[in-house]
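For reference, the structure discussed in these notes is given below.
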Amino acid sequence: MEKHIKITEEPSNYDGLEGMDTLEIVANINNEDKKVAEAVKQVLPQVVTVVDETAKRFEKGGRLFYIGAGTSGRLGILDASEIPPTFGMPHDRVIGLIAGGDEAIRKAVENAEDDTKQAWKDLQEHNINDNDVLVGIAASGTTPYVLGGIEDAKSNGILTVGITNNPGSPLAKSTDIPIEVNVGPEFLTGSTRMKSGTSQKMVLNMISTALMIRVGRVKGNKMVNMQLSNTKLVDRGTRYIMEELDLSYEEAEKALKKYGSVKLAVDALK
């Protein structure tokens, strides 16, 4: 049996941080950050599997759930919250949940991550079912809130995914599709908000963006279904239509406001 080594708790490659000048500190952090993309590259096959399996369920009305505690939970909520404005999807298709509830987004909730039963209660509030996909995010791979949610989901026939930075961790072993991103020790020993968190954000970006492309929410390289929620996005949408249909800015803006999205305008006028 593979031994679980807590790489996220191993000593930093650097010591005497308080004796470094500011340039040394930020340069060394940058040197560590350079390792993250290469570590993520090693798990691309698993990410592909997650995207393809989720797309199959998504097209049948299924949903994507993220659960996590602390930084990991906040990153899941961040990714989920950006899907409606970027891709025009309803808020209930990609859902992020954090141990301790919404209060924990801004302020740590004591002992919330230690409850093995709460995640399933949180998920049941959204009527999670076997047409959905659950992604548990935990740098350590040992967070009870996440492990409990994954266990309950699996017992109910739900496809489970684990994003962790400790290969061989309980989370990796308990999920259908483990994504184990080994970024090595943190610059500040044990501070998984750094490289580990960066790697999680990169993986979540890949999963959600590739999923939205697979289910038809992108045309060419454009966010044609984005919500027109501010002046910047209206301007961006107008320019997309200008480029696609060879219209003037005024004509494109009028079409965008008439049809409500780039995709609908282009489909109607092309």
Side-chain angles (χ1 to χ4, degrees), residues 4 6 8 46 49-51 53-84 89-166 169-180 192-193 196-197 200-201 203-204 207-208 211:
H4 171 217
K6 283 197 172 183
T8 55
Q46 292 89 335
T49 301
V50 172
V51 172
E53 289 298 322
T54 305
K56 291 176 190 176
R57 291 160 174 78
F58 219 80
E59 290 174 338
K60 297 175 184 176
R63 296 163 295 170
L64 174 61
F65 286 86
Y66 299 136
I67 56 171
T71 296
S72 297
R74 294 181 189 101
L75 288 169
I77 288 172
L78 173 62
D79 194 72
S81 69
E82 291 176 340
I83 300 307
M89 295 296 294
H91 287 269
D92 60 358
R93 299 301 302 280
V94 181
I95 299 168
L97 301 173
I98 186 171
D102 286 354
E103 180 185 348
I105 297 173
R106 293 183 178 274
K107 183 180 178 182
V109 176
E110 189 173 356
N111 299 324
E113 70 175 59
D114 296 328
D115 189 336
T116 60
K117 300 300 180 185
Q118 188 60 47
W120 185 243
K121 294 176 185 176
D122 294 342
L123 291 163
Q124 284 183 304
E125 289 185 10
H126 297 272
N127 299 310
I128 191 171
N129 60 72
D130 60 9
N131 203 30
D132 300 324
V133 175
L134 176 62
V135 178
I137 314 165
S140 67
T142 60
T143 306
Y145 176 84
V146 175
L147 291 176
I150 291 293
E151 181 180 344
D152 288 328
K154 283 190 73 173
S155 68
N156 283 275
I158 296 164
L159 182 69
T160 61
V161 179
I163 301 175
T164 178
N165 300 99
N166 280 332
S169 69
L171 179 60
K173 292 177 179 177
S174 65
T175 49
D176 298 307
I177 310 172
I179 299 177
E180 304 168 278
T192 53
R193 56 181 283 274
S196 297
Q200 293 168 12
K201 179 70 168 84
V203 170
L204 293 173
I207 291 173
S208 58
L211 173 64

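Below, all heavy atoms of this structure are taken into account, side chains as well, without hydrogens, waters or symmetry copies.
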Under the side-chain hydrogen bond (donor to acceptor under 3.5 Å, both in side chains) test, which residues partner S140, sequence neighbours left out?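 S140 satisfies side-chain hydrogen bond (donor to acceptor under 3.5 Å, both in side chains) with T142 only.
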Contacts of T175 that satisfy side-chain hydrogen bond (donor to acceptor under 3.5 Å, both in side chains) - sequence neighbours left out: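 For T175, no residue satisfies side-chain hydrogen bond (donor to acceptor under 3.5 Å, both in side chains) once neighbours in sequence are set aside.
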Name all residues meeting the salt bridge (charged side-chain N to carboxylate O under 4.0 Å, His left out) criterion together with K6; count only those two or more places apart in sequence or in a different chain, and write none if there are none. none
Can you name the residues that form a salt bridge (charged side-chain N to carboxylate O under 4.0 Å, His left out) with E53, not counting sequence neighbours? K56, R57
Enumerate the residue pairs fulfilling side chain to side chain donor-acceptor pair (under 3.5 Å) with a member in residues 90-107, sequence neighbours excluded, ordered by first and then second residue. none
For the student: nearest non-hydrogen atoms of [X] and [Y], plus distance:
{"X": "V146", "Y": "G136", "value": "CG1-CA, 3.7 Å"}
{"X": "R74", "Y": "I105", "value": "NE-O, 2.8 Å"}
{"X": "N131", "Y": "G61", "value": "ND2-C, 3.8 Å"}

Below 3.5 Å, can you tabulate the donor-acceptor pairs from side chains in residues 149-159 to any protein atom, sequence neighbours excluded?
{"residue": "K154", "atom": "NZ", "partner": "S174", "partner atom": "O", "Å": "3.0"}
{"residue": "S155", "atom": "OG", "partner": "D152", "partner atom": "O", "Å": "2.7"}
{"residue": "N156", "atom": "ND2", "partner": "D152", "partner atom": "O", "Å": "2.7"}

Please list, chain by chain and in numerical order, all residues satisfying side chain to side chain contact (heavy atoms under 4.5 Å, CB included) with D115, sequence neighbours excluded.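 Result, side chain to side chain contact (heavy atoms under 4.5 Å, CB included) vs D115: K117, Q118.
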For A172, all residues meeting side chain to side chain contact (heavy atoms under 4.5 Å, CB included), sequence neighbours excluded: T164, S169, P178, E180
Would you call V133 and T160 a side-chain contact if the rule is heavy atoms closer than 4.5 Å? no
Counting C-beta onward and ignoring hydrogens, is there a side-chain heavy-atom pair between L147 and T116 closer than 4.5 Å? no
Can you list, pair by pair, the side-chain donor-acceptor contacts under 3.5 Å of residues 62-73, counting residues two or more places apart and other chains?
{"residue": "R63", "atom": "NE", "partner": "D132", "partner atom": "OD1", "Å": "3.3"}
{"residue": "R63", "atom": "NH1", "partner": "H126", "partner atom": "O", "Å": "2.7"}
{"residue": "R63", "atom": "NH2", "partner": "H126", "partner atom": "O", "Å": "3.1"}
{"residue": "R63", "atom": "NH2", "partner": "N127", "partner atom": "O", "Å": "2.9"}
{"residue": "R63", "atom": "NH2", "partner": "D132", "partner atom": "OD2", "Å": "2.8"}
{"residue": "Y66", "atom": "OH", "partner": "D79", "partner atom": "OD2", "Å": "2.8"}
{"residue": "S72", "atom": "OG", "partner": "Q200", "partner atom": "OE1", "Å": "3.1"}
{"residue": "S72", "atom": "OG", "partner": "Q200", "partner atom": "NE2", "Å": "3.4"}

To the nearest 0.5 angstrom, please state how far the CG atom of D122 sits from the CG atom of L97.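 Separation between the atoms: 6.0 Å.
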